[in-house]
Amino acid sequence: MWKKFLLAVIAATAVSGSLMAKELKVLMIGNSFSISVGRFLPQIVGADPENKLILTSAYIGGCPLEKHYNCLVKAQEKPSYAPYKITVWDSENNPAKGNAVMGNIYTLLRDNQYDIITIQQSSPNSISFKTFEPYAGNLIKYIREHQKNAEIIVHQTWAYRIDCPRLPAWGLTQQSMYEKVNKAYRELAEKYRLRVIPVGDAIQIFRATTPVKYKPLDPTVKYVEPELPDTSGDVVGLSLWQTTKQKGRHIHHDSTHLNEHGKYLQAAVWYLFLFDRKASDIKFIPEIIKKKDALFLQNCAAQAVEAYQQVK
């Protein structure tokens with residue numbers, strides 16, 4: 001009798017555990033600030049035996065909401081129109097790699113059923129909510145009509161590094177850009193009753209609490225390949241050597257996109273948000289990031305997710 005009872009308890013526990021597991025199919029309608037999620041998120045989820053993720057990125061570099069909606073309209077008229085790079089990651093199958101094809105969001109929404117669809121504005125336009133409309137509203141309306149079971153979620157982007165030349169050109173500081181971006185995304189979320197993935201907040205928390213502060217690059221310093229400047233102290237910004245027709249072989253300084261630490265922080269925020277997890281649940285740490293740094297980034301992600309006041 002006791003043996004039968006014990007077997008019944010084990011069976012019930014197994015069923016309960018399987019019901020708690022979450023399998024999510026997520027579509028990101030975005031640009032370079034969203035495709036970076038694919039760098040580490042599939043691996044983080046892949047290290048979690050209780051959850052699974054199929055992550056699809058619909059990517060056009062620098063794409064604003066206006067262009068996303070216009071591309072959707074054009075693809076409805078001509079389904080062969082393929083302005084997007086479509087990349088799909090499966091957390092259970094080679095999570096570090098994604099397969100890429102050209103396509104459009106019209107056919108993605110027509111041919112698939114997603115649990116979550118994320119939207120975001122291009123980073124230069126994200127400082128003003130005026131640039132969001134009517135395109136965000138039109139896009140949201142279309143998604144709600146054709147993906148009735150999907151939740152639309154806002155991916156909050158971030159402020160540039162303090163030495164980005166765009167900031168003084170716009171009359172902004174890093175802090176004022178963050179405040180404007182945060183305000184614009186919150187206005188979008190409140191207007192359409194959407195939840196927000198607070199990546200921009202996590203980055204700002206990192207900047208405020210990291211013991212190593214970023215020091216702006218000295219423009220007078222000349223580097224010899226393969227030398228690179230020290231960009232530690234911020235998760236936004238990187239430098240690399242590249243070749244272009246205009247400049248030949250030269251060092252390029254990017255002060256707007258996430259570096260590897262930033263991509264890990266971004267992925268941690270998404271994981272905690274999507275799967276309702278804690279920082280201690282993150283088991284994957286890439287070899288290029290020291291464990292103590294990864295734990296700090298995970299904590300920043302957790303603070304952001306816990307503190308963000310979601311629309312109710």
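No more than 12 heavy atoms of other residues, nucleotides or ligands sit less than 6.0 Å from atom CD of Q309. Annotation for N112: atom CG counts as buried by contact number, over 12 foreign heavy atoms lying within 6.0 Å.
Under the 4.5 Å side-chain heavy-atom criterion for Ile, Leu, Val, Met, Phe, Trp and Tyr, Y264 and L238 are members of distinct hydrophobic clusters. Note on I143: it clusters hydrophobically with I140, by side-chain heavy-atom contacts below 4.5 Å among ILVMFWY residues. Hydrophobic cluster membership differs between V196 and V311, with clusters built from Ile, Leu, Val, Met, Phe, Trp and Tyr side chains linked at under 4.5 angstrom. Cluster membership for F132 and M177, using ILVMFWY side-chain heavy atoms within less than 4.5 angstrom, is shared. Put simply, I60 and Y81 are part of two different groups of oily side chains (I, L, V, M, F, W, Y) that touch within less than 4.5 Å, one to the next.
The shortest heavy-atom contact between P49 and A47 is CD-O, 3.5 Å. When all heavy atoms of A302 and A279 are compared, the closest pair comes out as CB-CB, 4.1 Å. Residues V269 and A202 share a closest heavy-atom pair of CG2-CB, 3.5 Å. Contact record, P79 with T107: O-CG2, 4.0 Å, taken as the closest heavy-atom pair. The two residues L108 and Y114 have their closest heavy-atom pair at O-CE1, 3.5 Å. Among all heavy-atom pairs drawn from C71 and P83, the shortest one is SG-CG, 4.0 Å.
Screening residues 109-125 for salt bridge (charged side-chain N to carboxylate O under 4.0 Å, His left out) gives no qualifying pairs among residues at least two apart or on separate chains.
With contacts defined as side-chain heavy-atom distances shorter than 4.5 Å, the pair Y192/R144 qualifies. You'll find the side chain of K25 stays beyond 4.5 Å of the side chain of Q113, heavy atoms only. A heavy-atom distance below 4.5 Å is found between the side chains of K85 and M102. Between E66 and P134, every side-chain heavy-atom pair lies at or beyond the 4.5 Å cut-off. Within the 4.5 Å cutoff, the side chain of S91 has no heavy atoms near those of the I54 side chain. You'll find the side chain of R39 stays beyond 4.5 Å of the side chain of W89, heavy atoms only. Looking at S34 and Y59, their side chains never come closer than 4.5 Å, going by heavy atoms from C-beta outward. Using a 4.5 Å heavy-atom threshold, the side chains of F273 and R195 count as touching.
Between atom CD1 of residue I251 and atom NZ of residue K222 there is a gap of 11.0 Å, rounded to the nearest 0.5 Å. Atom CG of L55 sits about 8.0 Å away from atom OG1 of T118, to the nearest 0.5 Å. Note that CG of L295 is 5.5 Å distant from CD1 of I285, once rounded to the nearest 0.5 Å. Rounding to the nearest 0.5 Å gives a distance of 6.5 Å between CD1 of I152 and CD1 of I117. To the nearest 0.5 Å, the span separating CD on Q266 from OG on S36 amounts to 3.5 Å. Between Q298 atom CD and D281 atom CG the span is 9.5 Å, to the nearest 0.5 Å.
E225 and R249 are joined by a salt bridge, as a carboxylate oxygen and a charged side-chain nitrogen come within less than 4.0 angstrom of each other. Ion pairing between K130 and E187 fails under the 4.0 Å rule for side-chain N and carboxylate O.
Looking at K283, its side chain does come within 3.5 Å of a backbone N or O of S280 through a donor-acceptor pair. Between the side chain of H261 and the backbone N or O of N259 there is no donor-acceptor pair closer than 3.5 Å. In this structure, K74 contributes its side chain and Y69 its backbone to no donor-acceptor pair below 3.5 Å.
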Output, in order, the C-alpha distance, side-chain angles, deciding distance and verdict of side chain to side chain contact (heavy atoms under 4.5 Å, CB included) for D90 and L53. CA-CA 6 Å; D90 186 334; L53 173 71; over 6 Å; no
Evaluation steps, ring pair (Phe, Tyr, Trp, His ring centres under 6.0 Å), between W158 and F33: CA-CA 9 Å; W158 51 87; F33 278 28; 4.1 Å; yes
Go through the steps for T131 and Q121 under the test side chain to side chain contact (heavy atoms under 4.5 Å, CB included), then give the verdict. CA-CA 8 Å; T131 67; Q121 180 60 294; 3.1 Å; yes
Determine whether L139 and I105 satisfy the following criterion, side chain to side chain contact (heavy atoms under 4.5 Å, CB included), listing intermediate values before the conclusion. CA-CA 11 Å; L139 190 59; I105 58 175; 4.2 Å; yes
Ring pair (Phe, Tyr, Trp, His ring centres under 6.0 Å) between Y84 and H68, intermediate numbers included: CA-CA 10 Å; Y84 287 84; H68 283 306; 5.7 Å; yes
Take T157 and Y185 through the side-chain hydrogen bond (donor to acceptor under 3.5 Å, both in side chains) test and state the conclusion after the steps. CA-CA 9 Å; T157 58; Y185 280 118; 3.1 Å; yes
What verdict does the side chain to side chain contact (heavy atoms under 4.5 Å, CB included) test give for I153 and I197, after you've listed the backbone C-alpha separation in whole Å, the side-chain angles of each residue and the deciding distance to 0.1 Å? CA-CA 7 Å; I153 294 178; I197 305 176; 3.6 Å; yes
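If you check the side chains of H253 and S239, you find a donor sitting under 3.5 Å from an acceptor. Side-chain contact annotation: S176 with T173, donor-acceptor N/O pair under 3.5 Å present. Checked by atom type, the side-chain pair D254/T256 shows a donor-acceptor distance below 3.5 Å. Checking N31 against Q120 by side-chain atom types alone, a donor-acceptor pair falls below 3.5 Å.
A cation-pi geometry, defined here as NZ or CZ lying under 6.0 Å from the six-membered ring centre and within 45° of its normal, does not hold between K263 and F40.
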Per-pair distances, 0.1 Å, donor-acceptor, side chain in residues 203-221, under 3.5 Å, sequence neighbours excluded:
from: Q204; atom 1: OE1; to: R207; atom 2: NH1; distance (Å): 3.1
from: Q204; atom 1: NE2; to: Q175; atom 2: OE1; distance (Å): 3.4
from: R207; atom 1: NE; to: D234; atom 2: OD1; distance (Å): 3.1
from: R207; atom 1: NE; to: D234; atom 2: OD2; distance (Å): 3.2
from: R207; atom 1: NH1; to: A159; atom 2: O; distance (Å): 3.2
from: R207; atom 1: NH2; to: A159; atom 2: O; distance (Å): 3.0
from: R207; atom 1: NH2; to: Y160; atom 2: O; distance (Å): 3.4
from: R207; atom 1: NH2; to: D234; atom 2: OD2; distance (Å): 3.3
from: T209; atom 1: OG1; to: I205; atom 2: O; distance (Å): 2.7
from: T210; atom 1: OG1; to: V212; atom 2: N; distance (Å): 3.4
from: T210; atom 1: OG1; to: V212; atom 2: O; distance (Å): 3.3
from: K213; atom 1: NZ; to: R207; atom 2: O; distance (Å): 3.0
from: K213; atom 1: NZ; to: A208; atom 2: O; distance (Å): 3.2
from: K213; atom 1: NZ; to: T210; atom 2: O; distance (Å): 2.9
from: Y214; atom 1: OH; to: R161; atom 2: NE; distance (Å): 3.2
from: Y214; atom 1: OH; to: R161; atom 2: NH2; distance (Å): 3.3
from: Y214; atom 1: OH; to: D163; atom 2: OD2; distance (Å): 2.6
from: D218; atom 1: OD1; to: T220; atom 2: N; distance (Å): 3.0
from: D218; atom 1: OD1; to: T220; atom 2: OG1; distance (Å): 2.7
from: D218; atom 1: OD2; to: T220; atom 2: OG1; distance (Å): 3.2

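Note: Y271 and F275 have tilted aromatic rings, judged against thresholds of 30 and 60 degrees for the angle between ring planes.
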